[in-house]
Amino acid sequence: MATEIGFIGVGNMGGPMVNNLLAGGYAVRVYDPNKAAVDACVAKGATTASSPKDLADKVETVLVCLPTPAIVQAVALGENGLSKGSKIKTYIDLSTTGPRTSIPVAEALAEAGIVALDAPVSGGVIGAVAGTLAVMVSGPHNDHGHHRPMLEKIGKNVFYVGAKIGMGQTMKLLNNLLSGTALAVTAEAVTLGIKAGLDPKLMIDIFNASSGRNTATETKFPNSVLTRKFNGGFGTGLMFKDIRLCLEEAEAQGVTMFVGSGARQAWSFAMAQGSASEDSTQIMEHYEALASVEWPKGSS
Ligand code: NAD
């Protein structure tokens, strides 16, 4: 019989991860307040639970992939949270929540006899669909080893970062500092280029053949900005959260981040001009408006 596991938060990332776990031979029971997201999982063979506690009464292992630290805390420790469940033994957090959430949550879960692992992921919706995510695991080594075959169903690059909970989360914040800075600074560069008369597609082609190449020039601009589809699948609110969490960690550790502070300002600007729910590639539109630049007609 297939091992049954639980999954909470079946959105842009969690939904495709559930599909890969089902395809990999696991029986998956899901919970999410968004009925459409749950229905999509059920159509692929998942079963459902009525609350985090209900899920934790039914399965030993629960993965969560949730949008904010406050929601992670509520799902793990709230009134109807996982910590109140009778069967759960292991909680694995795939969300980006930062060590300052994952450490106290793990400590509180330990009091309820539940082992916590950090396992934040990178690779976007494309990686989640393909099952090629990078997974950055921290927590007790043996528990990581026990659950590694399951994590390999969602990511082909599973890295064990260390035994101390929070280390995986810190690693993930550092990654997103780099990726968010690259997207913001690429939008700045392309905006200046357009104002100076350069063609956007030609600029991206040249960056990608040159030393300015980065994840924004290689993937996000070609797929989502040049096409004006703005469909990268990673929200501006999530990007701002990750950069903010990274800067908070830097301040707590006494590490100065000059460029990182600029990136936080850029994403704060995108939040103010647009919205948390829009696609993070839309930061380009906000730079265009700020510089009174019009996207050249016919350039895509
Ligand atoms: P999303 O908003 O698409 O999905 C989040 C899901 O959580 C939604 O289906 C929502 O209904 C559900 N949810 C909200 N409140 C809930 C609650 N109280 N109980 C249960 N479910 C609840 O977000 P996403 O893009 O899938 O991101 C999820 C996490 O993964 C975030 O922490 C994000 O930073 C991280 N992440 C996202 C990407 C990406 O490219 N989108 C990449 C790497 C990591």
Side-chain angles (χ1 to χ4, degrees), residues 6-20 29-42 46 48-56 62-82 85 91-102 105 118-136 154-155 157 168-169 171-180 183 215-216 219-220 223-224 230-246 267 275-281:
F7 202 109
I8 301 185
V10 289
N12 285 336
M13 295 296 284
M17 289 187 209
V18 166
N19 291 346
N20 285 328
R29 191 177 282 274
V30 303
Y31 170 75
D32 190 308
N34 181 336
K35 187 176 175 312
V38 170
D39 288 348
C41 295
V42 170
T48 62
S50 59
S51 70
K53 177 186 178 303
D54 180 42
L55 190 61
V62 177
L63 298 95
V64 307
C65 187
L66 294 162
T68 67
I71 292 175
V72 166
Q73 264 159 348
V75 163
L77 307 173
E79 204 181 326
N80 251 329
L82 294 170
Y91 155 94
I92 302 178
D93 187 5
L94 305 159
S95 338
T96 307
T97 44
R100 263 143 236 283
T101 296
S102 78
V105 166
D118 278 336
V121 299
S122 180
V125 174
I126 294 172
V129 171
T132 56
L133 294 168
V135 189
M136 304 162 215
I154 59 172
N157 295 304
Q169 287 290 343
M171 184 63 228
K172 167 67 186 173
L173 295 184
L174 300 179
N175 179 74
N176 278 29
L177 175 71
L178 298 190
S179 130
L183 179 52
T215 52
T219 313
K220 291 170 191 143
N223 295 344
S224 303
F230 301 111
N231 60 350
F234 188 63
T236 291
L238 295 180
M239 185 71 91
F240 178 66
K241 169 203 56 149
D242 293 353
I243 305 261
R244 177 179 61 76
L245 288 171
C246 187
W267 287 104
S275 69
S277 61
E278 71 181 21
D279 197 79
S280 55
T281 56

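Counting convention: from 1, in listed order, for ligands and their atoms alike.
Counting heavy atoms under 4.0 Å from ligand 1, residue L66 touches it through both backbone and side chain. Contacts between I71 and ligand 1, counted as non-hydrogen atom pairs separated by less than 4.0 Å, involve the side chain only. In M239, neither the side chain nor the backbone holds a heavy atom less than 4.0 Å from any atom of ligand 1. Only side-chain heavy atoms of V75 come within less than 4.0 Å of ligand 1; its backbone N, CA, C and O stay farther off. Counting heavy atoms closer than 4.0 Å to ligand 1, residue I8 contributes side-chain atoms (C-beta onward) but none from N, CA, C or O.
Looking only at distances, no side-chain donor or acceptor of D54 sits under 3.5 Å from a matching main-chain atom of A49. Listed for the D279 side chain is a donor-acceptor partner under 3.5 Å among the backbone atoms of G232.
For ligand 1, the atoms lying closer than 4.0 Å to a non-hydrogen atom of M13 are 24 (P), 25 (O), 26 (O), 37 (C), 38 (C), 39 (C), 40 (O), 41 (N), 42 (C), 43 (C). Interface of Y31 with ligand 1, defined as ligand atoms under 4.0 Å from a residue heavy atom, comprises 19 (N), 20 (C). Within ligand 1, the atoms closer than 4.0 Å to a non-hydrogen atom of N34 are 11 (O), numbered from 1 in the order shown. Less than 4.0 angstrom separates some heavy atom of C65 from each of these atoms of ligand 1: 28 (C), 29 (C), 30 (O).
Residue K172 has no nitrogen or oxygen atom sitting less than 3.5 Å from a nitrogen or oxygen atom of ligand 1, judged on distance alone. Between K241 and ligand 1, at least one pair of N/O atoms sits closer than 3.5 Å. On a distance-only criterion, S95 and ligand 1 share no N/O pair closer than 3.5 Å.
D118 is not listed as a side-chain neighbour of K172, based on a closest heavy-atom distance of 4.5 Å or more. Under the 4.5 Å side-chain criterion, counting only non-hydrogen atoms from C-beta, V105 is in contact with Y91. Here the side chains of V62 and I8 are in contact, with some heavy-atom distance below 4.5 Å. Within the 4.5 Å cutoff, no side-chain heavy atoms of F234 are placed close to those of V125. Contact of the L245 side chain with the R100 side chain is not registered, since no non-hydrogen atoms from C-beta on lie closer than 4.5 Å. In this structure the side chain of L174 reaches within 4.5 angstrom of the side chain of C246, judged on heavy atoms.
Exactly one residue among N157, T96, V135 makes a side-chain contact (heavy atoms from CB on, under 4.5 Å) with V121. That residue is V135.
Annotation: atom 6 (C) of ligand 1 to nearest protein heavy atom, D32 OD2, 3.7 Å. Scanning all protein heavy atoms for the shortest distance to atom 21 (N) of ligand 1 gives P33 CD, 3.2 Å. Here the protein heavy atom with the shortest distance to atom 4 (O) of ligand 1 is G11 CA, 3.3 Å.
The residue among N12, D242, L238 with a heavy atom at the shortest distance from atom 27 (O) of ligand 1 is L238. The option from G232, P52, P67, S179 that lies nearest to atom 7 (O) of ligand 1, judged by heavy atoms, is P67.
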